[in-house]
Engineer: 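Handing you this structure, nothing more for now.
Values reported hereafter were calculated over all heavy atoms of this structure, with side chains retained and with hydrogens, waters and symmetry mates removed. A, B, ... follow the sequence lines: proteins, then strands. Residue 1 opens every chain. Since the structure is predicted, the reported quantities are computational estimates derived from the model, not experimental observations.
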Number of protein chains: 2
Amino acid sequence: MEPQAKDHSLITQLRKCHLRATGQRLAIMQSLIESQSHLSAEDIYLRLKQSHPTLSLSTVYKTLQVMSQMGAVITIETGTGSLKFDGNPSPHHHAVCSKCGMVHDVDFMKYPIDMNAKDVLPGFNVQSIKVFFNGVCAECARSATQSEG
Amino acid sequence: MEPQAKDHSLITQLRKCHLRATGQRLAIMQSLIESQSHLSAEDIYLRLKQSHPTLSLSTVYKTLQVMSQMGAVITIETGTGSLKFDGNPSPHHHAVCSKCGMVHDVDFMKYPIDMNAKDVLPGFNVQSIKVFFNGVCAECARSATQSEG
DNA sequence: GTGCCTGCAAAAAATTTGCAACACG
DNA sequence: CGTGTTGCAAATTTTTTGCAGGCAC
C-alpha cells in the first residue's frame, strides 16, 4: 500500500473554509491522526522536523489554531503548561492524568451527555462539549503505591 | 459588620493537609470566593495588590497550585493562554466562551454525569470530572450577528 | 525556635508577531 | 499571476525557580 494518498476529505474541508491545502497543513493533520494520540504543538513539530526540515514551530501553531476553528482538531488542556491537540473526529471524552499529563480517549457512550444542550446559559450558543476525567493513570498510581506507608 | 472573620473552614482544611494558614493563602482564597467568578493568577494578584502591596505573583501561583492539589480550587483552562481558577466548592459545570474567554458556572443537575465513574480506563483512578460547554456567549453572539450578511 | 512560606527578579516555557519569499489555485 | 502561507527570529506572555529573611505554629 502507499503511505497514504493525502487525505482528500481534509482537502475538501479546507476548501470549504476557503483555506489552502498546503503540504504543511496536510502533514500536521496527518501526524495528529496517525499518532492516534494527543500531541502538543512541539510534539508535532518534532515529529515532522524529520520529513519537513524547513517546517517552523510557528506554522504548527498557526495551523493548529486554524484547524481548531474549523473544528477539525480538538484542543485539550492538560494543565501541564502546554495545550494538546486531538485529530479524532468522533465524539469522545478524555481522561487526563494529573501526574504525568497523559491523555486518553474515553468512549462517549459510556458517559453520554446531552449534546443538544442549549440552555446552559441564557443566550449561550453551545458549539461543543468537552468532558474531562481527571485523575491518576495506572502507571502513576503504581509508583504512588510504592511510596505509601 | 466586620469585613470577614477569616474563613475558619479553610484554615481547618489547610491544617488537615499540614499546611500553614498564612495571610496570603487566606487572602487568595477569599478573593476567589468573593469574586464568585473565575480569575487568572494575575487577576488575583492585581486584586490583592491593593490590600497586600508586598504580595508577589509567584506566591499567587504557588498558592493556587497548592490549593488545587488540596481540591479547594478548580483549575479551568480557557484556551486564551492563561489558566483560570474557581473557588466554588459545589459540583458544577462550566460554560466557556471561545471568543472572549468568559467562564460561567452551569448547574450540575442540569446535565448530571456519573460522578462515580470508575471504569473510564483500566486502572485509571478518577478524582474529578470536568464538563465544559464551549461556545459563544450572548454578548459575543450579538456582535457576531451584526457582521452577518 | 524551627521550618514552611514569601518576595524578588531572573530564567524557562509557551505562544505570537512581522515581513519577505514562495507555493497553491 | 495574486494572495494566502510559510519560515525565521525576536517579542510577548505565562509560569517556574533559587535563595535569604519572616512568620505561623
Engineer: Output yes when at least one side-chain N/O atom of B:Y61 is less than 4.0 Å from OP1 or OP2 of D:dT16, else no.
Structural biologist: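 Answer no for this pair, as no side-chain N or O of B:Y61 is under 4.0 Å from OP1 or OP2.
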Engineer: Roughly how many Å is it from CD in A:Q24 to P in C:dA21, rounded to a whole number?
Structural biologist: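 Result: 18 Å.
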Engineer: What is the per-nucleotide protein-contact pattern of nucleotides 17-25 of chain D, from the 5' end, where B denotes a base atom under 4.0 Å from a protein heavy atom, S denotes such proximity for sugar-phosphate atoms only, and - denotes neither?
Structural biologist: BB-----BS
Engineer: Roughly how many Å is it from CZ in A:R25 to C1' in D:dG7, rounded to a whole number?
Structural biologist: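 Rounding to the nearest Å, CZ of A:R25 and C1' of D:dG7 are 14 Å apart.
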Engineer: How far does CE of A:M102 sit from CG of B:L121, to the nearest 0.5 angstrom?
Structural biologist: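 Between A:M102 CE and B:L121 CG, I get 6.0 Å after rounding to 0.5 Å.
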Engineer: The criterion is ring pair (Phe, Tyr, Trp, His ring centres under 6.0 Å); which residues satisfy it with B:Y111, sequence neighbours excluded?
Structural biologist: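 Partners of B:Y111 under the ring pair (Phe, Tyr, Trp, His ring centres under 6.0 Å) test: B:F133.
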Engineer: Side chains of A:M70 and A:L14, heavy atoms from C-beta outward: is any pair under 4.5 Å?
Structural biologist: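 Yes, close enough: below the 4.5 Å cut-off.
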Engineer: Could you tell me whether the side chains of A:H38 and A:D43 share a donor-acceptor contact shorter than 3.5 Å?
Structural biologist: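 No, A:D43 and A:H38 have no side-chain donor paired with an acceptor closer than 3.5 Å.
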Engineer: Can you see if the side chain of B:Q65 gets near the phosphate of D:dT16 - specifically, an N or O under 4.0 Å from OP1 or OP2?
Structural biologist: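 So the side chain of B:Q65 is within the cut-off, an N or O lying under 4.0 Å from OP1 or OP2 of D:dT16.
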Engineer: Rounded to whole angstrom units, what separation is found between the OH atom of B:Y45 and the P atom of C:dT6?
Structural biologist: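 About 14 Å, once rounded to whole Å.
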Engineer: Decide yes or no on side-chain contact (heavy atoms from CB on, under 4.5 Å) for A:Q127 and B:N134, but give the supporting numbers first.
Structural biologist: CA-CA 6 Å; A:Q127 292 176 330; B:N134 297 95; 5.6 Å; no
Engineer: Quick check: closest heavy atoms across B:F85 and B:L32, and the distance to 0.1 Å?
Structural biologist: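 What the structure gives for the nearest pair is O-CD2, 3.2 Å.
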Engineer: Could you list the residues that satisfy side chain to side chain donor-acceptor pair (under 3.5 Å) with B:S37, not counting sequence neighbours?
Structural biologist: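 If we apply the side chain to side chain donor-acceptor pair (under 3.5 Å) test to B:S37, skipping adjacent residues, the hits are B:S35.
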Engineer: Between B:L57 and A:S56, name the one whose nearest nucleotide on DNA chain D is closer to the 5' end.
Structural biologist: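 Its nucleotide being nearer the 5' end, the pick is A:S56.
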Engineer: In whole Å, what is the span from the NZ atom of A:K49 to the C1' atom of D:dG7?
Structural biologist: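 Result: 10 Å.
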Engineer: Taking CG from A:L83 and P from D:dT15, how many angstroms apart are they, rounded to a whole number?
Structural biologist: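 Rounding to the nearest Å, CG of A:L83 and P of D:dT15 are 11 Å apart.
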Engineer: Separation of B:K84 atom NZ from D:dT14 atom C1', in whole Å?
Structural biologist: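 These atoms are roughly 14 Å apart.
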Engineer: How long is the line joining CD1 of B:I44 and P of D:dT14, in whole Å?
Structural biologist: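 Taking CD1 of B:I44 and P of D:dT14, I get 14 Å after rounding.
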Engineer: Nearest whole Å is fine: how far is C:dA14 P from A:L39 CG?
Structural biologist: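 Distance check: A:L39 CG to C:dA14 P gives 14 Å.
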